[in-house]
Student: 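My questions all concern the structure below.
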Amino acid sequence: MSELRVIKYGNPILRMKAKHIENIDSDVKQLANDMITIMQGEEGIGLAAPQVAQSISLLVVDMSLIDEEGEPTAFINPEILTSEGESVLEEGCLSLPDIREDVKRPEIITLRYQNIEGEVSEKRFDELLARVLQHEIDHLNGVLFVDRISSLKKKMFNKKLKEIATEERVEIV
Ligand SMILES: [Zn+2]
């Protein structure tokens, strides 16, 4: 497996807009597989390519944690077409270790995306899956869940965020 690592808050790649994938070639497929391995190793429910320093429009979700018959699945070039309702749920992120907070998001989304074979689907997602997908799609747009909490609450995490960013700088150099 390639030497991918989960990059952390403070790394500028997390703030970039991920590039549309034109061609789902063997590199993209390999990356999706590697991301699934990393996600499962870190016990995450989702992982976006920018989190392993690859700024392309790819994310993986471990559907097996949501549905017994589900399996880890890649979503390519996902685009939210509609969203409705509202729900509040606690979120965490592999790029923001030890930070968890309630985040308000739409409850139901319709998503257009390509699967690993390049086939385009439009599907409705709700509950936990809608939540995870929105969190991961945020990553593709350079957005982190701490951007979606009140500035007062974010202040409580300032010290922790600085610590994470300081450690990440050591890793980058
Ligand atoms: Zn995340």
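In listed order, ligands and their atoms are each counted from 1.
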Student: Other than Leu140, what residues sit in its cluster of Ile, Leu, Val, Met, Phe, Trp and Tyr side chains whose heavy atoms are under 4.5 Å apart, directly or through others?
Tutor: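 Leu140 clusters with Ile45, Leu59, Val61, Met63, Leu65, Ile66, Phe75, Ile80, Leu89, Ile109, Leu111, Tyr113, Phe125, Leu128, Leu129, Val132, Leu133, Ile137.
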Student: With a 3.5 Å distance limit and no angle check, can you tell me whether Asp25 reaches the backbone of Asp27 through a side-chain donor-acceptor pair?
Tutor: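 Between the backbone of Asp27 and the side chain of Asp25 there is a qualifying donor-acceptor contact (under 3.5 Å).
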Student: Going by the side-chain hydrogen bond (donor to acceptor under 3.5 Å, both in side chains) test, name the single residue among Arg105, Gln134, Arg148 that passes it with Glu91.
Tutor: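 The side-chain hydrogen bond (donor to acceptor under 3.5 Å, both in side chains) with Glu91 is passed solely by Arg105 among Arg105, Gln134, Arg148.
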Student: Please report the C-alpha distance between Ile21 and Leu58 in whole Å, then the side-chain angles of each, then the deciding distance to 0.1 Å, and finally whether the side-chain contact (heavy atoms from CB on, under 4.5 Å) criterion is met.
Tutor: CA-CA 8 Å; Ile21 297 173; Leu58 161 68; 3.9 Å; yes
Student: Listed by chain and number, what are the salt bridge (Lys or Arg N to Asp or Glu O under 4.0 Å) partners of Glu167, not counting sequence neighbours?
Tutor: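 For Glu167, no residue satisfies salt bridge (Lys or Arg N to Asp or Glu O under 4.0 Å) once neighbours in sequence are set aside.
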Student: Starting from Ile172 and following side-chain heavy-atom contacts under 4.5 Å between hydrophobic residues (I, L, V, M, F, W, Y), which residues can be reached?
Tutor: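 Hydrophobic cluster check, Ile172: no partners found.
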Student: What protein N/O/S atoms sit under 2.8 Å from the Zn ion (ligand 1), by chain and number?
Tutor: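 The answer is Cys93 SG, His135 NE2, His139 NE2.
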